[in-house]
Amino acid sequence: MRTFARLTVIWLMSMVAAGCWDNRELDEYGFVQAVAIDRQDDGRIKLTTHFYNPSSKSEGGEGAKSAQNSKSAQKGINIRTSGDTIFEAIRDIPMKLGRKAKWDHMRIILLGERLVRTQNIGEVLDYFSRDHEPRGTVLPLIADGDAGEYLEIKPFIEQTIGQQFKKMETDGSQYSAKTSRVPLYELAIHLKNPSRTAAVAYIHRSGPGGDVVISKVAFFKQGKLAHVLEEKDAEDRTGSRTEAPGRDRRSEAGEAGRPRNRHPDLQKESEALETARARLGRSVRPHPVPGPGGGSHAQHGVKRRNAVRYEGEEVAMYGKMVCLLVLGAAMLLADGQALREAGRRERIVYGALAAPLLYLGLLFVTQWPWPNLDALFDLLAAPAKRIVGGLNPAASS
Amino acid sequence: MNRGAGSAAAKQDRIGSVQMAVLFLFFMTGSSIVIIPAPLTNVAGNGAWLSLLIAWAAGALLLACVLYLNRRYPGRSLFEYGREALGNAGTALLLAPFLCVMFWHVAGIVIEIGLFFKSTMLKETPTYAVNSVLLVTIALTVRAGLEVMARMASVFLGLMFGAIVLVLALVGPLYHPEYLMPVMPDGIGPILNAAYIAYGFPYAELAVFAFILADVKERDSAKIGKRLYLALAVNGLTLLVSVACSIMVLGPLSGDLKYSLYQLARLIFIREIIERIESVIGFSLIVGFYFKTSILLHILVRALGLAFRLPNERILVFPVALLCLLLSLTTYTEEAKMEEIVSIVWPLLDNLVYVAPLLLIAAVTALRGRAGRSRGRDV
């Protein structure tokens with residue numbers, strides 16, 4: 001009987017514990033394959049998000065050609081949204097798609113040239129490097145003209161256009177060396193390095209047929225697009241960095257160096273860039289300072305997110321209460337027998353613990369800002385800061 | 001489950017010295033392996049490993065002090081040392097804050113686990129759900145007793161160190177040894193600052209072991225010193241390697257990303273077969289947090305039992321755990337505040353509350369010992 005009761009409890013617990021908290025199924029999400037970000041004429045961000053369509057397996061019935069057409073058309077869906085910030089544009093996706101966007105499996109990020117000439121690429125990509133879903137291994141690409149248009153193209157050898165462009169960039173840089181392959185996390189490293197330069201692959205149309213090509217290298221200086229290196233020069237650049245194609249995963253400059261110790265790689269890099277520029281007979285064009293861009297918008301986004309959180313507050317309070325009661329009841333149930341048999345001292349200490357338990361339980365459920373241990377600890381903050389300042393004068397400033 | 005706690009005079013668990021060393025290794029490495037590389041590289045940049053060495057040396061000295069007291073008062077714990085050296089009132093005055101801070105210390109590790117889950121894997125799950133499940137598991141572990149924990153530790157140790165080695169091996173293709181240079185571009189200041197952080201967490205925390213070193217089996221207690229030092233050396237080496245490896249992969253970015261080891265696991269990509277393994281790694285690393293908290297909760301309950309001279313302290317496990325859970329949910333709920341306490345306030349706090357009483361007791365013991373010896377000679 002006891003065994004049966006125990007097994008039942010274990011079974012019930014495993015029923016509850018399996019699965020994620022918010023109870024989502026795979027088909028409740030739209031899986032993002034690629035995203036394109038542009039700046040519109042009115043200065044707002046235009047977001048084109050390319051989703052994978054899993055329900056396009058049905059074939060047959062129609063003629064071979066139309067079936068193929070409709071199939072490739074259905075494989076991916078483009079959703080266009082816009083907003084003052086990327087975050088705002090992303091929020092609007094569900095109302096056009098009917099599913100929440102899931103970013104884990106994103107292949108590429110296309111950035112319109114116009115956008116990255118006027119706004120810091122670090123600000124633009126901030127959402128993707130901070131959110132928990134997109135990976136650091138996603139590939140950013142700079143697009144000639146309107147980035148969103150590239151997502152209209154049908155994939156020709158891969159299943160989706162996102163995977164198509166990803167393979168074009170990785171294999172193109174590996175075997176032809178006329179472009180670079182820098183994933184998002186490496187781009188973030190480059191933007192932090194002493195020279196503040198970064199090189200990103202470039203996508204454009206070329207030839208009479210207007211075929212899409214990923215070649216050339218877009219150079220960033222202080223986060224803004226400064227220059228696009230032509231194919232030949234991109235190849236020379238790879239050569240000058242004495243690297244075999246396919247080993248282009250090294251950083252673009254002396255990554256670990258602080259300003260006063262220039263890394264040899266960095267020297268080489270800037271020399272290569274200079275030669276390339278001299279050959280082109282062009283200099284780096286200065287660019288206008290962006291308007292009141294990213295910062296304030298980003299804050300706006302955060303505020304809105306908090307506002308959404310707030311609506312769930314009452315539900316959260318209820319959940320907390322249930323959690324606390326269940327734990328408290330379990331504790332008394334488990335300890336009841338032992339407590340009755342325990343000595344006087346044990347009972348006194350047990351009872352004494354009940355007072356802070358009740359107080360903290362009240363604080364937890366109601367979130368009242370009453371004094372807690374952290375207020376006590378914070379008394380030490382001032383002397384502790386003085387110690388840190390003494391050890392490291394740079395930290396206190 | 002209740003039988004052990006129910007019998008009035010439960011015999012105190014005793015463990016071997018190797019088991020104690022394994023617990024000690026877990027306690028020192030458990031949560032720091034995930035957390036410490038990020039603040040160190042953030043403050044000291046490429047010199048983070050130097051700061052770690054400095055902090056480690058300070059930790060080794062502190063361990064020497066703990067072992068000295070253990071040798072001088074064989075079979076007794078910190079409370080009894082204190083009563084012997086300073087008398088009842090002095091001990092109560094010194095060790096009451098010690099106990100209070102230990103409550104928060106347990107909560108603090110649980111807060112860190114909650115933050116880790118919140119920012120990496122379980123974004124939508126409310127913190128209280130994560131923390132409750134964890135603390136229930138921890139409380140049940142502690143309730144099972146020190147012997148059971150010591151036996152569990154060897155299994156989990158394999159799991160955690162296996163995960164660490166796996167990550168560091170699989171990110172192999174991404175290593176750039178040149179990221180390690182220059183070591184000290186901004187002078188010694190940042191290095192000292194980072195050493196202060198690493199000394200506060202985890203090295204000064206080893207003072208709490210003064211409560212349970214006496215629980216080593218008597219026939220084994222002679223070897224405890226050597227084994228604890230070995231554990232400390234393994235811990236130092238592991239932390240050193242993970243700091244160096246995260247610098248070699250992430251370069252100047254390593255200070256900007258929290259949970260370096262987990263971030264490295266996210267970057268693992270081997271031929272479309274081994275990728276997205278970070279969740280598996282993440283959960284193996286959580287074992288370290290879980291076990292460290294269990295050890296600390298055990299020490300806390302044991303210390304409460306010693307302080308109030310309870311014959312059977314195990315009955316206190318659940319209320320103490322619940323209290324710690326509530327503390328973890330009500331103090332430092334903002335991530336930025338938590339970061340500030342770990343890197344600025346905590347080192348001062350645990351030195352004042354953990355290390356200072358210990359040093360005082362050791363100093364009094366040493367002086368008395370000398371006085372006693374010289375008196376002995378005179379007579």
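Note on naming: letters A, B, ... go to the chains in the order of the sequence lines (proteins, then strands), and numbering restarts at 1 for each one.
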(request) May I ask you to name which of B:Leu250, B:Leu192, B:Val101, B:Thr330 has the most heavy-atom pairs under 4.5 Å with chain A? (result) B:Thr330
(request) Select one option (side chain, backbone, both, neither) describing which atoms of B:Glu340 are under 4.5 Å from chain A's heavy atoms. (result) side chain
(request) Counting only heavy atoms closer than 4.5 Å, note whether A:Leu357 contacts chain B via side chain, backbone, both or neither. (result) both
(message) I'd like to know whether A:Glu158 forms a salt bridge (charged side-chain N to carboxylate O under 4.0 Å, His left out) with A:Arg107, so could you lay out the CA-CA distance, the side-chain angles of the two residues, the decisive distance to 0.1 Å, and finally the verdict.
(response) CA-CA 12 Å; A:Glu158 300 291 339; A:Arg107 294 293 191 249; over 6 Å; no
(message) Using a 4.5 angstrom heavy-atom cutoff, name the option from A:Ile348, A:Val349, A:Leu363 with the most pairs to chain B.
(response) A:Val349
(message) Let's test your reading of the structure: which of A:Leu327, A:Val326, A:Leu376 forms the most heavy-atom pairs below 4.5 Å with chain B?
(response) A:Leu327
(message) Cation-pi check for B:Phe308 against A:Arg345: NZ or CZ below 6.0 Å from the six-membered ring centre and within 45 degrees of the axis, yes or no?
(response) no
(message) Heavy-atom cut-off 4.5 Å, strictly under: side chain, backbone, both or neither for B:Val133 against chain A?
(response) neither
(message) Under 4.5 Å from any heavy atom of chain A, what part of B:Leu257 do you find: side chain, backbone, both or neither?
(response) neither
(request) Using a strict 4.0 Å threshold on nitrogen-to-oxygen distance, state whether A:Arg135 and B:Glu278 make a salt bridge. (result) yes
(message) Using a strict threshold of under 4.0 Å (side-chain N to carboxylate O), is an ion pair present between B:Lys258 and B:Glu335?
(response) yes
(request) Among B:Ser132, B:Ser119, B:Pro126, single out the residue with the greatest number of heavy-atom pairs under 4.5 Å to chain A. (result) B:Pro126
(request) Could you tell me whether A:Glu28 and A:Lys100 have a side-chain N and a carboxylate O separated by less than 4.0 Å? (result) no
(message) Salt bridge or not between B:Asp256 and A:Lys192? Use side-chain N to carboxylate O under 4.0 Å.
(response) yes
(request) Check whether A:Leu191 gets within reach of chain B through its side chain, its backbone, both or neither, counting any heavy atom under 4.5 Å. (result) neither
(request) Indicate yes or no: at least one non-hydrogen side-chain atom of B:Tyr128 is less than 4.5 angstrom from one of A:Leu324. (result) no
(request) Measure distances from A:Asp104 to the heavy atoms of chain B and classify the residue's part below 4.5 Å as side chain, backbone, both or neither. (result) neither
(request) Run the salt-bridge test on A:Asp335 and B:Arg143 with the 4.0 Å N-O cut-off and return the result as yes or no. (result) yes
(message) Between B:Leu327 and chain A, with a heavy-atom cut-off of 4.5 Å, which part of the residue counts as in contact: side chain, backbone, both or neither?
(response) both
